[in-house]
Amino acid sequence: MKTLDKIPTGKIERATQLVKTGIKVGGNYVAYYGEKIVNPSLTKEKLNEENAEDIYDGLKNLKGSALKVAQMLSMDKSIMPQAYVEKFSLSQFSVPPLSAPLVRKTFKKYLGKYPEDIYDTFTQDAVNAASIGQVHKASISGENFAVKIQYPGVAESISSDLALVKPFATRMFNLKGKDSEKYFKEVENKLLEETDYVLELKQSLEVSEQCGKIKNLRFPKYFPAYSSEKILTMEWIDGEHISEFTAYNQDREKGDKIGQALWDFYMYQMHHLKQVHADPHPGNFLIDKNDTLVAIDFGCIKQVPEDFYVPYFELAKPEVINNPELFNKKLYELEILRHDDTKEEIIYFTKIFHDLLSLFTKPFHGEFFDFSDEDFFGKIAQMGEEFSKDTQLRKMNGNRGSKHFLYINRTFFGLYNLLHDLKARIQTTTFREYIQ
């Protein structure tokens with residue numbers, strides 16, 4: 001794969017790259033509608049493929065928050081067209097890596113030494129490259145390490161990247177009023193945290209210790225002496241990403257075993273630690289030779305405040321969902337309904353969220369759930385499609401819901417999709433065994 005000697009870090013450079021991408025996408029639409037005149041039966045499948053290709057090509061060289069957004073979008077398989085999901089999912093662990101000279105320069109700047117002065121061996125080429133950093137394999141005295149190196153300028157470009165996409169996102173999600181700024185600030189703060197490898201090291205050590213007792217789950221060891229704010233060294237663990245495993249696995253018991261560990265890991269964090277690994281995509285998990293789940297990335301940890309946690313999970317209970325008075329109360333507590341809403345907006349959003357939560361919380365309604373259930377995921381996809389075509393929704397004020405929804409909902413979307421890929425059949429309450 002071609003390597004990068006330079007990443008655009010300036011606001012003008014990055015804006016220019018995005019404008020070029022926009023022009024390409026615009027050209028795709030012109031070509032599509034021109035062809036549509038000649039061939040009325042033409043579908044948007046080819047258009048989606050070309051747009052996905054051009055957008056991904058534009059973002060992959062920018063890296064950082066621009067590529068991270070593509071990664072986040074790829075997790076929502078129920079709403080995004082398949083062409084986008086397939087192309088954007090490459091941002092999880094397969095993008096153009098930094099060149100060797102740029103890697104050596106990063107080591108010298110942040111650890112004061114070149115890689116060869118620290119490790120006995122160090123692969124010149126990255127073994128994985130994603131949105132914020134890339135991984136190299138190294139060794140000392142026969143012990144193997146995974147060394148994650150952050151791309152230059154990622155942290156410094158986050159604010160300007162978000163400023164560029166803010167006008168489009170505001171229109172796309174129909175956000176109105178000054179309160180919409182809280183959503184952008186939440187994303188900016190979490191992205192900045194992900195670029196702080198000192199914080200990630202601390203979080204990795206804490207989560208490893210707190211969740212180490214969960215069955216069929218393991219974590220790499222971390223090495224502070226070989227880590228810094230832009231470099232993170234951990235134990236090398238041989239394994240394959242979940243997406244690689246699920247591409248061929250036909251053994252339902254293995255899928256159940258791995259899925260149960262994944263579910264227990266997330267429920268233990270959510271209900272006991274009141275914080276959660278909020279980036280559940282395939283690139284952040286490995287399956288080792290013993291079919292054990294390995295969690296390898298803790299850059300994005302979301303704290304779950306009590307005043308959000310309580311009403312959020314109360315809305316997962318059928319007795320609350322089906323009690324209009326209680327349901328309405330929780331919608332206000334979670335800022336889904338606003339005190340300045342019109343009567344029309346109250347009726348409309350109450351119905352939408354009643355339908356949505358009645359479906360999406362089904363895994364919490366009993367002690368067992370089968371995530372291979374195509375009917376369940378089909379209904380989620382159908383609901384997403386209906387929302388995308390709902391002209392009334394576009395007229396309403398989309399600025400609603402606590403800022404905490406952004407990463408908590410993202411977590412559950414990602415978790416559900418991973419469990420669906422594993423075709424896992426889950427005992428939903430076993431995580432309680434680990435809470436003493």
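Just so it is clear, the model here is predicted, and its values are computed rather than measured.
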Could you check whether atom CD of Gln124 has more than 12 heavy atoms from other residues, nucleotides or ligands sitting under 6.0 Å from it?
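It does not: Gln124 CD has 12 such atoms or fewer within range.
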Counting only heavy atoms from other residues, nucleotides and ligands, does the tally under 6.0 Å from NZ of Lys423 exceed 12?
no
Using the six-membered ring of Tyr309, assess whether NZ or CZ of Lys274 lies under 6.0 Å from its centre and within 45 degrees of the ring axis.
yes
Taking [X] for its side chain and [Y] for its backbone only, find out whether a donor-acceptor pair lies under 3.5 Å.
| X | Y | result |
| --- | --- | --- |
| Thr106 | Tyr151 | no |
| Gln203 | Phe298 | yes |
| Asn189 | Lys185 | yes |
| Tyr197 | Gly299 | no |
| Glu235 | Pro220 | no |
| Asn284 | Pro280 | no |
| His272 | Met267 | no |
| Tyr183 | Lys403 | no |
| Thr350 | Ile347 | no |
| His281 | Gly283 | yes |

Option from Gln269, His404, Glu193 for which side-chain hydrogen bond (donor to acceptor under 3.5 Å, both in side chains) with Lys302 holds:
His404
Do [X] and [Y] have side chains that get closer than 4.5 Å, going by heavy atoms?
| X | Y | value |
| --- | --- | --- |
| Glu206 | Ile301 | no |
| Phe376 | Pro363 | yes |
| Lys317 | Lys330 | no |
| Phe371 | Phe377 | yes |
| Asp264 | Leu217 | no |
| Cys211 | Leu273 | yes |

Please round to the nearest 0.5 Å and tell me the distance separating atom [atom1] of [X] and atom [atom2] of [Y].
| X | Y | atom1 | atom2 | result |
| --- | --- | --- | --- | --- |
| Leu359 | Met383 | CG | CE | 5.0 Å |
| Thr292 | Lys215 | OG1 | NZ | 10.5 Å |
| Ile258 | Leu286 | CD1 | CG | 11.0 Å |
| Phe313 | Thr361 | CZ | OG1 | 11.0 Å |
| Asp256 | Leu419 | CG | CG | 10.5 Å |
| Asp288 | Glu240 | CG | CD | 10.0 Å |

Taking Lys148 as the fixed residue, which of Gln134, His136, Glu200 is the one that meets the side chain to side chain contact (heavy atoms under 4.5 Å, CB included) rule?
Glu200
Per the ring-ring contact (aromatic ring centres under 6.0 Å, His included) rule, which among Tyr434, Phe412, Tyr268, Phe364 passes with Trp263?
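Option passing the ring-ring contact (aromatic ring centres under 6.0 Å, His included) with Trp263: Phe364.
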Determine whether the side chains of Asn323 and Glu319 contain a donor N or O and an acceptor N or O closer than 3.5 Å.
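Glu319 and Asn323 do not have a side-chain donor-acceptor pair below 3.5 Å.
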Regarding Thr233 and Tyr119, do their side chains bring together a donor and an acceptor under 3.5 Å, going by distance alone?
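Yes.
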Could you go step by step and tell me if Ile149 and Val103 meet the side-chain contact (heavy atoms from CB on, under 4.5 Å) rule?
CA-CA 8 Å; Ile149 303 161; Val103 169; 3.5 Å; yes
If you take all heavy atoms of [X] and [Y], which pair is closest and at what distance?
| X | Y | result |
| --- | --- | --- |
| Asp251 | Glu253 | OD1-N, 3.0 Å |
| Phe327 | Ile321 | CD1-CA, 3.8 Å |
| Leu201 | Ser227 | CD2-CB, 4.3 Å |
| Ser372 | Arg252 | OG-NH2, 3.4 Å |
| Val135 | Ala146 | CG1-CB, 4.0 Å |
| Phe308 | Pro311 | O-CD, 3.4 Å |

Can you list the steps and then say if Asn409 with Tyr312 is a side-chain contact (heavy atoms from CB on, under 4.5 Å)?
CA-CA 10 Å; Asn409 283 357; Tyr312 186 86; 2.9 Å; yes
Test log, rule side-chain contact (heavy atoms from CB on, under 4.5 Å), inputs Asp421 and Ser243:
CA-CA 8 Å; Asp421 289 345; Ser243 54; 6.0 Å; no
Worked verdict on Lys362 versus Asp373 for salt bridge (Lys or Arg N to Asp or Glu O under 4.0 Å):
CA-CA 12 Å; Lys362 276 191 174 181; Asp373 183 357; over 6 Å; no
Aromatic rings His277 and Phe285: how do their planes relate, parallel, tilted or perpendicular, breaks at 30° and 60°?
tilted
Which word best sums up how the rings of Phe145 and Tyr226 line up, parallel for under 30°, tilted for 30 to 60°, or perpendicular for over 60°?
perpendicular
Just do the ring pair (Phe, Tyr, Trp, His ring centres under 6.0 Å) check on Phe353 and Phe360 with the steps written out, would you?
CA-CA 10 Å; Phe353 279 92; Phe360 198 72; over 10 Å; no
Determine, step by step, whether Thr123 and Asp125 satisfy the side-chain hydrogen bond (donor to acceptor under 3.5 Å, both in side chains) criterion, reporting the C-alpha distance in whole Å, the side-chain angles of both residues, the deciding distance to 0.1 Å, and the verdict.
CA-CA 5 Å; Thr123 57; Asp125 298 325; over 6 Å; no
So, Lys190 and Glu186, do they make that salt bridge, N to O below 4.0 Å?
no
Any salt bridge linking Glu314 with Lys329? Criterion: basic side-chain nitrogen under 4.0 Å from a carboxylate oxygen.
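Salt bridge: no.
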Chi angles and distances behind the side-chain contact (heavy atoms from CB on, under 4.5 Å) call for Glu194, Leu191
CA-CA 5 Å; Glu194 288 192 64; Leu191 289 172; 4.1 Å; yes
